[in-house]
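Throughout, a chain's letter reflects where its sequence line sits, starting with A, and its residues are numbered from 1. Here the structure is a predicted model, which means the values were calculated and not measured.
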Amino acid sequence: MSFHSLAFLVFFVVVLAAYWSLPMRAQNLLLFAASYVFYGWVHPWFPVLLFATTFIDYWAALGMARAPERRRAWLWLSIVTNFGLLGFYKYFNFFADNVVAAAASVGWSLPEVVVRVALPVGISFYTFQSMSYTIDVYRGHAPARTRFVDMAAFVSFFPHLVAGPIMRATNLLPQFEQERRFSAAAARDATVLMMWGFFKKLVIADNVGVIANKVFALKDPEFFVLWAGVFAFAIQIYADFSAYTDLARGVAKWFGFDLIKNFERPYLATGPADFWRRWNISLSTWFRDYVYIPLGGSREGRGREVGNIMITFLVSGLWHGASWNYLLWGAYHGGLLVVSRLATAVWSPSPATRRWLRPLQVMGMFALTCVGWLIFRETELSQLVRDVQVSPGASTPLGASAGVYLFLLAGLYSVPLWIQDLWVELGGPDLAAAIDEPDAPTSKGRVIAQAGLCGAMMTAILTLRSQTALDFIYFAF
Amino acid sequence: MIGATARGSVLSLVAVLAGILILPTALRAVNRLLLDDTVKPSYLPTVETPRPREPFDDEAAAALREAQPEFVVIGDSMAGTRIDPRHLSRTSGRSVAGLFVAGTPVAYWYLEFKNFVAQNHLTRVRGVIFFFRDDQLTVRRQVATPMFDRVARDEEPELDALLAADRLGTFSGVHRAARALYQFDRTRQWLEPRLNHAPAALAGSDGQPEALLSAINAEIFPLEKLRHYEAADLPQADAASLDFYSQLDGSVLPEIVRLAQRSNIRLAFIRVQRRPMADGPPPQSDELTRYLEELKAYLTERGAYYHDDWGDPATPLSTYADGDHIVPAAKVPYTERFLEKHARIFQ
């Protein structure tokens with residue numbers, strides 16, 4: 001069930017109406033049931049896996065609380081089970097293919113083993129979220145929960161179940177354990193955020209996604225066409241993923257929950273470290289807290305730090321999918337971060353220099369990010385090698401015009417996104433942050449502006465939404 | 001008792017929801033200013049608001065009436081690269097006409113069958129042969145576009161009912177009401193071309209956006225420049241669309257069968273082989289195999305002829321061009337083999 005379907009609207013209204021008429025414990029039970037219906041809508045057996053993950057982590061955390069001396073064993077049970085399920089569904093075929101190929105390269109012939117199962121949508125997201133609970137209990141950062149329904153509602157909470165943001169147990173679970181009250185002001189701001197999410201998905205992401213898909217369907221795109229396609233994909237993935245987050249946060253807010261912001265204007269980042277503070281924040285911080293820091297972080301010398309960064313980014317790349325290009329993408333971003341750290345250690349510009357350098361840094365980082373998106377989007381390695389070798393000098397005049405046209409078209413659709421990001425970066429109000437302060441006094445002017453903006457976005461959605469409906473990109477991960 | 005602040009918050013929420021629902025009605029006024037209000041309702045009124053349509057292709061219909069073929073072959077470019085109607089006429093001794101339009105869905109073929117064949121006073125026509133891929137006959141993602149104009153009459157109630165149920169699903173009434181209230185389809189008619197042409201006017205050196213867009217379509221994105229799996233035109237069917245009986249009711253296939261029975265026209269269906277592997281036929285899932293068995297049973301029970309080209313050793317990979325198309329040199333040999341294998345269709 002996708003957020004932008006009438007089926008979801010009906011589901012949302014029905015669940016919401018029932019939810020606010022129930023006491024807190026019953027609300028959690030309702031959310032648990034509704035989330036399983038939402039997830040089962042995709043495929044009837046997907047909830048079975050979700051339940052298995054939830055139950056094992058609930059049981060493992062209770063085991064840690066009851067037998068602290070064996071808590072390491074319980075943690076391993078959780079990790080092995082979670083990674084076992086994730087590995088089987090997401091990585092088995094990739095692993096088997098590569099073992100067969102590696103064996104073939106040394107003359108051994110192994111039988112091909114292919115497991116034909118659908119990848120459960122959102123498995124990477126809820127597995128990481130559920131594991132954060134057992135790790136936090138193991139570390140003593142969170143108590144083990146005895147109420148299974150609260151835990152199950154936390155893991156399966158439908159607004160962010162299939163594409164994040166990945167919430168920590170220490171943040172979201174307590175929200176399930178306290179009374180929630182309906183706030184019309186919060187609902188109003190959540191509605192504005194949801195409209196912005198719908199607009200970004202249906203008008204921006206889906207329209208520029210069509211451009212990217214066309215370009216990446218070509219065997220030998222010319223230089224300007226290729227990079228216009230990469231630019232379109234850069235816009236698509238940001239608009240698409242941040243739209244999902246906005247919708248998730250908006251829907252959750254209607255139920256009285258706060259989900260974290262997952263994006264902070266990433267294309268205005270001034271460098272690799274800044275980019276990862278702004279892009280998919282919930283995943284970056286997950287890897288920072290549960291992989292990079294446990295590996296030693298930057299505490300054990302420069303060499304170890306470089307190794308830890310590279311390991312973290314390689315794992316992060318692999319998290320996105322079982323394919324070499326994602327691993328390469330992780331290595332590329334890890335490499336960028338290492339180079340930038342080394343450069344920062346050698347040269348630190350003065351505040352005055354920093355000020356005039358900033359626009360150049362932003363443009364430079366955006367260009368580097370686009371190179372990364374080429375690696376991310378191009379799943380055929382041979383094609384990727386060909387793409388990075390294509391020269392602008394070999395372009396035909398029509399190829400150059402086509403590239404400029406596609407670039408301008410993608411740019412035109414993305415204008416609202418750039419305006420909003422620049423506006424906020426320069427200190428203006430942030431549509432995505434408004435729901436965090438619903439109790440702030442509301443002026444009539446603000447309400448009129450919100451109503452006008454929502455009406456304008458709805459008008460744009462009705463008239464400009466892409467004729468080609470594309471799935472949310474991160475559903476694939 | 002609701003306090004003043006809470007009441008203010010509720011009112012502000014209502015104001016935002018009202019903005020969402022009311023502001024788009026301004027599109028009606030804009031449309032009135034920019035569009036001709038005298039256009040007739042579409043032939044698919046439940047899925048389209050009134051728009052100027054391209055004319056029905058009377059010439060094509062008249063040409064068929066003049067030719068009075070005994071057999072008509074219908075399909076998209078897959079059929080077009082395989083069958084040479086003239087050669088088939090010569091070798092079979094029967095008059096055969098071909099209706100091949102690239103990129104057309106089965107709903108388009110249905111309209112061709114209805115308006116060019118069954119209801120076009122073709123007094124000698126005995127059979128119609130459809131060429132299709134995999135689940136194409138029951139694909140429910142029908143797209144009604146101006147492409148249909150050349151084969152659609154002023155009213156197409158059967159197709160309209162099917163498309164409405166298919167495209168809009170359970171909530172087709174809500175979609176219809178929204179379309180009627182906001183008229184956003186009409187706005188798209190003038191807005192979309194402007195939006196596409198503005199960057200083209202800037203990108204082209206001669207300021208002729210139409211020419212640049214045509215050149216881009218013809219020379220940058222032609223079929224032969226696409227990767228093989230993209231050039232296949234149609235993606236492989238997913239498991240959900242391979243549940244034959246769940247797809248059948250919303251598809252035009254029963255309507256094609258009914259029309260043929262009413263018109264006393266024999267039907268034949270040929271499933272073309274998709275691009276094979278270097279060492280054999282293309283892979284086929286269990287779901288697709290089951291789907292095809294059910295399709296075959298459905299058609300043959302209703303008196304239609306059915307054949308599946310899958311695994312045909314005479315069309316190896318070397319005879320394929322891009323995607324599922326075969327090379328021009330293989331067209332006549334394929335046509336001859338087709339007659340040889342399926343001579344009973346023409347008896």
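- Heavy atoms of A:V10 lying under 4.5 Å from chain B belong exclusively to its side chain.
- Side chain of A:S414 to backbone of A:L417: no donor-acceptor contact under 3.5 angstrom is found.
- Heavy-atom distances place both the backbone and the side chain of B:F221 under 4.5 Å from chain A.
- Proximity to chain A (any heavy atom under 4.5 Å) is restricted, for B:L191, to the side chain, taken from C-beta onward.
- Contacts with chain A were tallied for B:L11, B:L212, B:L195; B:L195 has the most, counting heavy-atom pairs under 4.5 Å.
- Interface residue B:N217: only side-chain heavy atoms are found under 4.5 Å from chain A.
- No donor-acceptor distance shorter than 3.5 angstrom exists from the side chain of A:R188 to the backbone of B:A15, with no hydrogens or angles considered.
- With respect to the salt-bridge test (charged N to carboxylate O, under 4.0 angstrom), the residues B:D185 and B:R179 qualify.
- With respect to chain B, the highest number of heavy-atom pairs below 4.5 Å among A:T396, A:I461, A:V447 belongs to A:V447.
- One finds the OG1 atom of A:T191 at 6.0 Å from the CD1 atom of B:I20 (value rounded to the nearest 0.5 Å).
- Between B:D243 and B:R290 no salt bridge is recorded (no basic side-chain N to carboxylate O distance below 4.0 Å).
- The candidate with the highest count of non-hydrogen atom pairs below 4.5 Å against chain B, out of A:E222, A:K444, A:M195, is A:M195.
- Heavy-atom pairs under 4.5 Å with chain B peak, among A:L409, A:V404, A:L406, A:I448, at A:L409.
- Without hydrogens or angle criteria, B:D76 side chain to B:A102 main chain gives no donor-acceptor distance under 3.5 Å.
- Ion pair A:D206/A:R465 not flagged as a salt bridge, since none of the NZ, NE, NH1 or NH2 atoms sits closer than 4.0 Å to an Asp/Glu carboxylate oxygen.
- Cation-pi contact between A:R377 and A:F216: present, with separation from the ring centre below 6.0 Å and deviation from the ring axis of at most 45°.
- Counting heavy-atom pairs closer than 4.5 Å to chain B, the top residue among A:Y405, A:F407, A:Y413 is A:Y405.
- In this structure, chain B has no heavy atom under 4.5 Å from any part of A:A460.
- Proximity to chain A (any heavy atom under 4.5 Å) is restricted, for B:L27, to the side chain, taken from C-beta onward.
- Interface summary for chain A: among B:L213, B:T187, B:T25, B:N196, the most heavy-atom pairs under 4.5 angstrom belong to B:N196.
- Of the listed residues (B:S285, B:P199, B:A26), the one with the most heavy-atom contacts under 4.5 Å to chain A is B:P199.
- Here A:L462 is the residue among A:L408, A:L462, A:L412 with the most heavy-atom pairs under 4.5 Å with chain B.
- Under the 3.5 Å distance criterion, the side-chain polar atoms of A:N207 are matched with a main-chain donor or acceptor of A:L464.
- The most heavy-atom pairs under 4.5 Å with chain A, out of B:V16, B:L17, B:V14, come from B:V16.
- Distance check: A:L384 CG to A:L374 CG gives 5.5 Å after rounding to the nearest 0.5 Å.
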